[in-house]
Amino acid sequence: MFLWVMIVLLLGIFGFSSGDIDSYDIEIVTPTYIGVDSLFALNYQEPAYVTGISALKKQNPGLSVTYQILTSTNATTDCVIMKNNVQDVLARWYYREKRKDSVPVILMSACLEVEFANQLAKAWNILMIPTVNTDATIRDKVKAPTWITSTLYPSNYGDLYRGFLARNNWTTVASVLNLETNGPPVYTNIAYIVNRRLREYGFNLTSWTRETQEPASAVIAEIDAILLTIRDICRVILHYGPAYLLRQFLIRASRNNMINENYVYIAARPFAHTLFGRFRWQEFDQDDETVREAYKSVILLQIIYVEEQRETMDGVWSEIGRNSSLRKLRELPFVYLTQTHGAFQMLGQVLANLTKSDALNKSRSILNNGRDFAAQFFSRTFATDNGDITLNGAGVRATTSAVKQFNNNTGELEVFLIAREQSDYSYEWHALQPASWYGENHFPPNEPFCGFTGQADVCLPDGSRWASTIAIICSVFLIVFCALLGGFFFARAHMAKNSTDWWIITDLFPLRSSDENSSLLVVTKPELL
């Protein structure tokens with residue numbers, strides 16, 4: 001049985017079905033790619049596709065259902081290429097392969113391509129269920145009328161970041177997207193969404209994207225240039241990148257004397273997985289003590305935080321993964337698999353309700369209209385094998401995130417704050433313990449008392465303040481003098497331009513020739529009256 005399911009799924013060209021009920025023909029497709037650059041790829045999502053479609057079939061034993069993996073005929077091996085190819089892949093299926101009277105459903109993990117897929121799903125009026133990635137567009141049912149999701153990621157990371165920054169009165173921030181070759185694309189997605197959202201809310205944001213990979217001296221020079229600029233403009237730094245790149249960044253910050261109670265480095269981890277790193281100070285090298293001290297200035301924002309640990313299907317998925325021919329470089333992302341498996345179960349429950357309805361014509365009308373089909377998921381709670389999934393009135397799942405800080409006694413990052421998303425996308429913040437920051441129970445202010453450069457007037461010596469005052473007065477005087485001088489020359493030029501006889505002075509000083517035969521004129525002194 002297992003081998004049969006695997007063969008069907010991996011071929012990607014055959015569906016599998018049971019039953020012979022002609023009234024309903026459900027056609028589920030998953031556009032994806034084979035690759036190891038992200039945890040969204042078929043290589044890592046495959047086990048949940050196998051168990052998910054099996055669970056849906058068990059919920060609807062008499063329903064005709066086919067499932068098909070859609071891949072590009074071109075070599076799609078990473079998230080970026082998938083983003084560029086997804087519309088071609090879906091269009092090929094829709095116009096060439098889709099059965100005429102089927103009820104189509106697009107169910108996909110989605111990497112960076114979710115908005116491009118939504119454009120087609122909306123135009124074709126087809127139910128679309130991204131199971132891992134999402135976007136704020138889903139909230140607008142005019143732009144995304146057929147889009148619902150089972151993901152634990154927030155529909156807008158910017159709201160989460162905005163809430164935490166506002167909670168601490170931080171309004172001036174720097175953003176550093178720290179990239180690596182074939183690194184996790186989720187960081188690019190988070191950084192882009194957060195930066196856009198913070199600017200919309202009026203934050204004073206300066207952003208960098210660091211891409212240099214080699215040589216090491218060039219990497220160091222690039223990081224140092226970023227840090228030295230940051231030192232003069234802010235104290236709160238948003239860092240997007242895996243743990244080892246944060247470590248590298250903190251080492252350079254320490255070398256530039258930017259590790260102390262005034263600097264806050266807010267790192268991001270989607271969830272606990274080796275792809276993103278372990279975010280710990282100890283790597284058993286010569287920089288361990290430097291990084292340990294630097295971690296006192298680090299806050300870790302864990303995007304997906306599962307509060308209630310339930311028994312999952314990890315063992316089943318691990319077995320499927322081991323027997324698969326698809327290459328994997330890391331462990332399976334079980335958090336993602338629960339979301340994908342749960343999406344199939346949500347769909348199965350909605351199909352079961354509709355196909356068991358006595359009003360056959362009404363059910364058919366709903367299934368044939370992606371907007372009405374999606375509405376069947378709104379404001380509902382679904383019981384799944386891995387816990388309940390609750391969607392709001394737009395088909396968006398409420399999420400929970402955690403904020404961690406460094407415990408100097410244990411040497412570990414520990415959760416001290418929980419953020420629970422509400423149905424209106426606001427967040428409720430629950431403190432598990434007080435903040436601990438260099439011996440204080442609060443975080444530093446947005447700007448140090450003496451300013452970012454340490455040159456605020458209140459912090460300057462008396463002599464320096466007098467010198468500053470004199471310098472300002474002299475500057476003002478110089479500006480006024482230059483303005484008057486410029487005005488004078490401008491007036492002279494204007495007179496010369498507009499009067500061709502400006503040089504004639506006969507009215508005041510009569511002119512006479514000293515020699516009747518001479519062409520020279522001399523000025524005579526006017527007689528006194």
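Excluded from the calculations below are hydrogen atoms, water molecules and symmetry mates; all remaining heavy atoms, backbone and side chain alike, are included. Quantities reported herein were computed from a predicted structural model and do not represent experimental measurements.
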Is a side-chain donor or acceptor of [X] paired with a backbone partner of [Y] at a separation under 3.5 angstrom?
X      : Y      : value
Gln282 : Phe284 : no
Gln45  : Leu39  : yes
Gln433 : Val415 : yes
Lys296 : Glu261 : no
Glu113 : Cys111 : yes
Asn407 : Gly411 : no
Gln405 : Ser436 : yes
Asn178 : Tyr240 : no
Arg420 : Glu428 : no
Lys143 : Ile138 : no

[X]-[Y] side chain donor-acceptor pair, cut-off 3.5 Å:
X      : Y      : answer
Thr274 : Glu331 : yes
Asn386 : His341 : no
Thr453 : Asp232 : no
Tyr438 : Ser297 : yes
Thr51  : Trp317 : yes
Thr340 : Thr131 : yes

Spacing of [X] atom [atom1] and [Y] atom [atom2] [to the nearest 0.5 Å]:
X      : Y      : atom1 : atom2 : value
Tyr336 : His273 : OH    : NE2   : 8.5 Å
Asp388 : Arg380 : CG    : CZ    : 12.0 Å
Thr206 : Ile237 : OG1   : CD1   : 11.0 Å
Phe377 : Asn392 : CZ    : CG    : 14.0 Å
Ser175 : Tyr161 : OG    : OH    : 8.5 Å
Thr400 : Glu421 : OG1   : CD    : 8.5 Å

I'd like to know if [X] and [Y] make a salt bridge, using a cut-off of under 4.0 Å between side-chain N and carboxylate O.
X      : Y      : value
Asp285 : Arg247 : yes
Glu289 : Arg292 : no
Arg139 : Asp424 : no
Asp287 : Arg255 : yes
Glu222 : Arg210 : yes
Glu283 : Arg280 : yes

Quick one: does NZ or CZ of Arg269 land under 6.0 Å from the six-membered ring centre of Phe276, within 45 degrees of the ring axis?
no

Do Tyr295 and Tyr265 have their ring centres less than 6.0 Å from each other?
no

Ring centroids only, cut at 6.0 angstrom: are Phe40 and Tyr33 within range, meaning strictly under it?
no

Within the supplied structure, the quantity of interest is the number of heavy atoms (other residues, nucleotides, ligands) at a distance under 6.0 Å from [X] [atom1]; does it exceed 12?
X      : atom1 : value
Glu200 : CD    : yes
Arg231 : CZ    : yes
Lys83  : NZ    : no
Tyr425 : OH    : yes

Can you check side-chain contact (heavy atoms from CB on, under 4.5 Å) on Thr77 and Val36, steps first, answer last?
CA-CA 8 Å; Thr77 57; Val36 293; over 6 Å; no

For residues [X] and [Y], determine if any side-chain heavy atom of one lies less than 4.5 Å from a side-chain heavy atom of the other.
X      : Y      : result
Tyr44  : Lys328 : yes
Val396 : Leu391 : no
Ser401 : Ile304 : no

Between [X] and [Y], which heavy-atom pair has the shortest distance, and what is it?
X      : Y      : answer
Arg235 : Ile230 : NH1-O, 4.2 Å
Pro185 : Asp37  : CD-O, 3.7 Å
Arg199 : Ser207 : NH2-OG, 3.1 Å
Ile418 : Ala402 : CD1-CB, 4.0 Å
Asn125 : Thr146 : OD1-CG2, 3.7 Å
Ser155 : Thr134 : CA-CG2, 3.7 Å

Worked check of side-chain contact (heavy atoms from CB on, under 4.5 Å) between Glu214 and Val219
CA-CA 6 Å; Glu214 55 184 22; Val219 175; 5.7 Å; no

Given Phe203, Trp170, Tyr263, the one that forms side-chain contact (heavy atoms from CB on, under 4.5 Å) with Val236:
Trp170

Pick one: which of Trp147, Tyr153, Tyr157 meets side-chain contact (heavy atoms from CB on, under 4.5 Å) with Asp135?
Trp147

Can you classify the ring geometry of [X] versus [Y] as parallel (below 30°), tilted (30 to 60°) or perpendicular (above 60°)?
X      : Y      : answer
Phe249 : His239 : tilted
Trp429 : Phe164 : tilted
Trp437 : Phe443 : perpendicular

Step by step, work out the side chain to side chain donor-acceptor pair (under 3.5 Å) result for Asn204 and Thr171.
CA-CA 6 Å; Asn204 184 6; Thr171 58; over 6 Å; no

As a test of understanding, state which of Thr151, Thr149, Asn189 forms a side chain to side chain donor-acceptor pair (under 3.5 Å) with Asn133.
Asn189

As a quick check of understanding, evaluate side-chain contact (heavy atoms from CB on, under 4.5 Å) for Leu301 and Lys404, giving each step before the final call.
CA-CA 6 Å; Leu301 190 56; Lys404 296 185 176 185; over 6 Å; no

Under the side-chain contact (heavy atoms from CB on, under 4.5 Å) rule, what do Ile389 and Thr381 come out as? Steps first, then yes or no, please.
CA-CA 6 Å; Ile389 297 177; Thr381 296; over 6 Å; no

Test log, rule side chain to side chain donor-acceptor pair (under 3.5 Å), inputs Gln339 and Ser150:
CA-CA 6 Å; Gln339 299 167 184; Ser150 60; 5.9 Å; no

